[in-house]
Amino acid sequence: MNLLDRIQSPGDLKSFSVEELQGLCDEIRHLIIRTVGDNGGHLASNLGVVELTVALHYVLNLPDDQIVWDVGHQAYTHKILTGRKDQIHTIRKKDGLSGYPRPQESPYDAFAVGHASTSISAALGLAKAAQLEGRNNKVVAVIGDGALTGGLAYEGLNNAGRLHRNLIVILNDNGMSISPNVGNIARYLAHMRAGQPYLTAKGKIEKTLENIPVVGPPIQHGLKHAKRKIKGLIYNSTIFEDLGFMYYGPFDGHDLLSLLSVLRTVSAFSRPVLLHLHTSKGKGYTFAENNPGAFHGVPAFDVHKGLSENAGESFSDVFGRSICQLARKDKRICAITAAMQLGTCLTSFRQMFPTRFFDVGIAEEHAITFAGGLAAGGMVPVVAIYSTFLQRGYDQIIHDAAIQQVKMVLAIDRAGIVGEDGETHQGVFDAAFLQTIPNVTIYAPSYYDELREWLRVAVYEEKGVCAVRYPRGKSLYRPKEYVFNCKAYGLYGSTNAPVVLVTYGKLFSFTAKAKERLEQAGIPCFVVKLNRIKPIDPEVYELCCKAKSLYIFEEGIEQGGIGEHFLTQLIQRGYRGKAFLRGVKDQFVRHATMNESLHELGLDDEGMYQTIYDREGSTQ
């Protein structure tokens with residue numbers, strides 16, 4: 001029998017035997033591997049939490065009880081068990097399931113999440129809300145995949161220990177965050193402490209001591225103090241208990257029978273509990289077990305052969321090689337990443353310059369301030385961070401970099417529309433928030449040679465904070481007539497044309513195609529390509545003020561973006577022609593392929609062409 005066919009909601013699990021639950025875990029793994037092979041997505045992290053997820057859904061009463069999945073990319077099993085099994089083949093596809101928890105998608109998704117280290121704070125809020133409303137439900141935060149390296153997690157832990165009610169934090173320790181506690185004694189005592197006989201005896205002794213006049217409370221205090229010391233030696237876990245948690249673990253996160261037992265036990269408590277589990281990323285799929293980093297987030301692939309090594313060159317690859325070439329000649333150059341060594345292609349840098357490479361964990365705020373200190377000490381730090389994660393370091397860019405006027409390079413990967421990861425990962429805000437900060441310069445290369453040049457310029461010619469933002473994936477269409485001039489702006493077409501198209505970054509490829517189609521349709525135009533988007537060269541404004549019609553296309557948020565600033569400057573200079581701005585409206589962009597998203601936003605060549613033709617065609 002196909003066990004998955006019996007699951008429409010978590011309640012259906014209650015009738016399963018332990019043996020059937022084990023078989024169910026196998027079926028879920030096969031389904032996840034097949035689905036990610038077809039669609040791409042997060043594989044290793046999801047394979048590592050199958051037993052944990054099944055056990056949670058078996059013991060808890062969802063959706064009254066609630067689970068917050070940190071980072072969110074480990075929730076595929078959760079989706080399968082909560083009525084979305086028949087839709088799982090649509091995950092990360094346009095109009096399909098999100099690759100992350102999303103309350104708008106299901107009442108079983110307690111909190112939307114795509115960034116790390118948020119689960120404990122969010123779960124604490126949910127638990128406190130339940131307490132204020134008189135509800136007695138459990139709230140579970142599942143944190144792992146390095147998320148405990150983020151400062152927000154400790155802010156949450158610091159406050160959660162005061163709750164004293166119905167909060168369980170599960171540390172999914174898969175080798176990415178906390179070193180394992182080893183030894184049979186520690187494991188045996190952990191099981192003993194989680195057993196009901198121990199808890200019953202502990203309660204009776206405490207109650208007896210409380211009722212002994214005079215000497216009872218001091219004895220009880222002394223026993224607790226001694227117990228903490230012994231547990232500290234065995235578990236090295238006193239930080240959690242000092243913060244107010246009952247600590248249990250470590251347990252094998254793939255031992256389903258053990259998980260069911262310990263989850264039943266800790267669910268009976270009415271105070272915060274931290275349950276420490278050991279799991280293996282990629283569990284059950286040999287390729288992912290052997291290389292969990294490579295199988296963290298993957299494109300579609302042949303599940304029988306594993307990942308292809310011929311993915312082709314990308315902007316990230318070019319950045320990684322370029323920064324190594326610069327660092328060979330300059331010992332001041334340091335590279336910093338926030339747990340994204342592979343994603344930002346800094347593996348070679350780490351191997352070549354180990355003393356100048358710093359992976360600070362999922363701690364973007366720290367990465368920026370640490371870089372500020374390096375810069376103040378005479379180094380040239382290059383901070384490689386995805387656009388979506390750079391948002392977390394906004395205050396540090398202002399306070400610890402720009403105000404300090406230190407020399408720092410921000411290598412902003414995944415700028416613009418990123419595709420299937422969706423609304424929590426789109427890189428559409430960095431240009432807008434960076435361009436409001438004094439002492440910040442921003443470059444937006446469209447091609448590999450431009451990325452190499454602007455990195456060099458950022459390191460050696462610009463002062464203060466200099467950002468170089470580049471897109472996800474590969475270089476796109478490049479007109480034969482376009483020549484990179486190493487200037488702050490470039491031109492494509494005759495400047496005598498009455499219609500001007502202004503853009504930057506990856507969108508230049510689409511704008512160039514639109515320009516070619518428009519001229520074939522009898523609408524003469526030319527493209528102004530902004531290589532440096534802050535500050536914009538004054539010559540660009542003088543050139544555009546002569547235009548009859550001006551069209552700005554931006555792969556970023558319109559409000560406060562580069563386009564709005566550009567139009568403001570033109571108006572102040574007396575521009576009286578027609579003007580049109582298209583970027584990302586006041587919205588979050590859902591998951592789809594990059595091309596599907598750009599088409600829906602009207603930012604591909606077809607959308608640009610149609611926009612301009614509808615406004616200009618009738619006048620030709």
Side-chain angles (χ1 to χ4, degrees), residues 25-53 69-80 88-89 91-93 97-101 114-116 142-147 149 172-177 253-254 277-312 314 316-317 320 337-348 350-351 359 361-362 386 389 413-414 418-422 424-425 472-473 591:
C25 290
D26 292 336
E27 291 186 12
I28 290 171
R29 275 200 171 86
H30 287 303
L31 178 56
I32 290 174
I33 292 169
R34 187 171 67 246
T35 300
V36 177
D38 291 340
N39 294 11
H42 292 92
L43 184 61
S45 54
N46 280 290
L47 294 178
V49 295
V50 174
E51 287 84 6
L52 169 59
T53 310
W69 299 93
D70 212 298
V71 187
H73 59 229
Q74 55 185 333
Y76 289 15
T77 300
H78 167 76
K79 288 177 182 270
I80 291 168
I88 199 69
H89 67 280
I91 199 164
R92 292 166 51 88
K93 291 185 176 180
L97 295 179
S98 169
Y100 299 88
H115 290 184
V142 182
I143 185 168
D145 253 13
T149 62
N172 172 30
D173 181 0
N174 54 23
M176 301 285 288
S177 53
H254 300 298
L277 304 178
H278 282 310
T279 61
S280 299
K281 290 190 75 172
K283 179 74 171 178
Y285 182 58
T286 304
F287 290 114
E289 286 181 347
N290 293 337
N291 195 353
F295 279 88
H296 173 72
V298 296
F301 67 101
D302 186 331
V303 299
H304 301 292
K305 298 180 181 179
L307 288 175
S308 169
E309 296 183 359
N310 298 317
S314 69
S316 301
D317 293 320
T337 183
M340 284 292 181
Q341 172 194 316
L342 289 174
T344 58
C345 291
L346 284 174
T347 300
S348 294
R350 179 179 187 177
Q351 294 169 347
D359 185 343
I362 304 177
Y386 290 8
F389 302 135
D413 204 332
R414 270 68 163 176
V418 299
E420 292 85 351
D421 280 339
T424 57
H425 283 64
R472 180 181 190 176
H591 57 278

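FYI, the numbering just counts along the sequence from 1.
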Among I91, L31, L43, L47, the one residue meeting side chain to side chain contact (heavy atoms under 4.5 Å, CB included) with V36: L43
Residue pairs involving residues 28-50 (criterion salt bridge (charged side-chain N to carboxylate O under 4.0 Å, His left out); sequence neighbours excluded): R29-E51
Side-chain contact, heavy-atom cut-off 4.5 Å: [X] with [Y]?
| X | Y | answer |
| --- | --- | --- |
| D421 | H42 | yes |
| W69 | T53 | yes |
| I32 | I80 | yes |
| E420 | K93 | no |
| H78 | P101 | no |

Judged by atom type as modelled, is there a donor-acceptor pair below 3.5 Å linking the side chain of [X] to the main-chain atoms of [Y]?
| X | Y | value |
| --- | --- | --- |
| N46 | A75 | yes |
| H278 | N174 | no |
| E289 | G284 | yes |
| D317 | C345 | no |
| R472 | V418 | yes |
| D302 | L307 | no |

For [X], enumerate each residue passing the side chain to side chain donor-acceptor pair (under 3.5 Å) test, keeping only those at least two apart in sequence or located in another chain.
| X | answer |
| --- | --- |
| R414 | S316, Y386 |
| T35 | none |
| D70 | S119 |
| S348 | none |

Could you work out, with ring pair (Phe, Tyr, Trp, His ring centres under 6.0 Å) as the rule, every residue matching H115, not counting sequence neighbours?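 Partners of H115 under the ring pair (Phe, Tyr, Trp, His ring centres under 6.0 Å) test: F389, H425.
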Ring pair (Phe, Tyr, Trp, His ring centres under 6.0 Å) partners of Y285, counting only residues at least two apart: F287, F295
Name all residues meeting the side-chain contact (heavy atoms from CB on, under 4.5 Å) criterion together with [X]; count only those two or more places apart in sequence or in a different chain, and write none if there are none.
| X | value |
| --- | --- |
| H591 | S98 |
| N290 | T286 |
| T424 | Y100 |
| P292 | A44, K281 |

Taking atom CG of L346 and atom CD of Q341, what is their separation to the nearest 0.5 Å? 7.0 Å
On a heavy-atom basis, which atom in [X] and which in [Y] lie closest, and how many Å separate them?
| X | Y | answer |
| --- | --- | --- |
| H73 | S45 | CD2-OG, 3.2 Å |
| A339 | I362 | CB-CG1, 3.6 Å |
| A338 | D359 | C-OD1, 3.9 Å |
| V298 | A294 | CG1-O, 3.3 Å |
| V71 | A116 | CG2-CB, 3.6 Å |

Could you tell me whether the side chains of N172 and T279 share a donor-acceptor contact shorter than 3.5 Å? yes
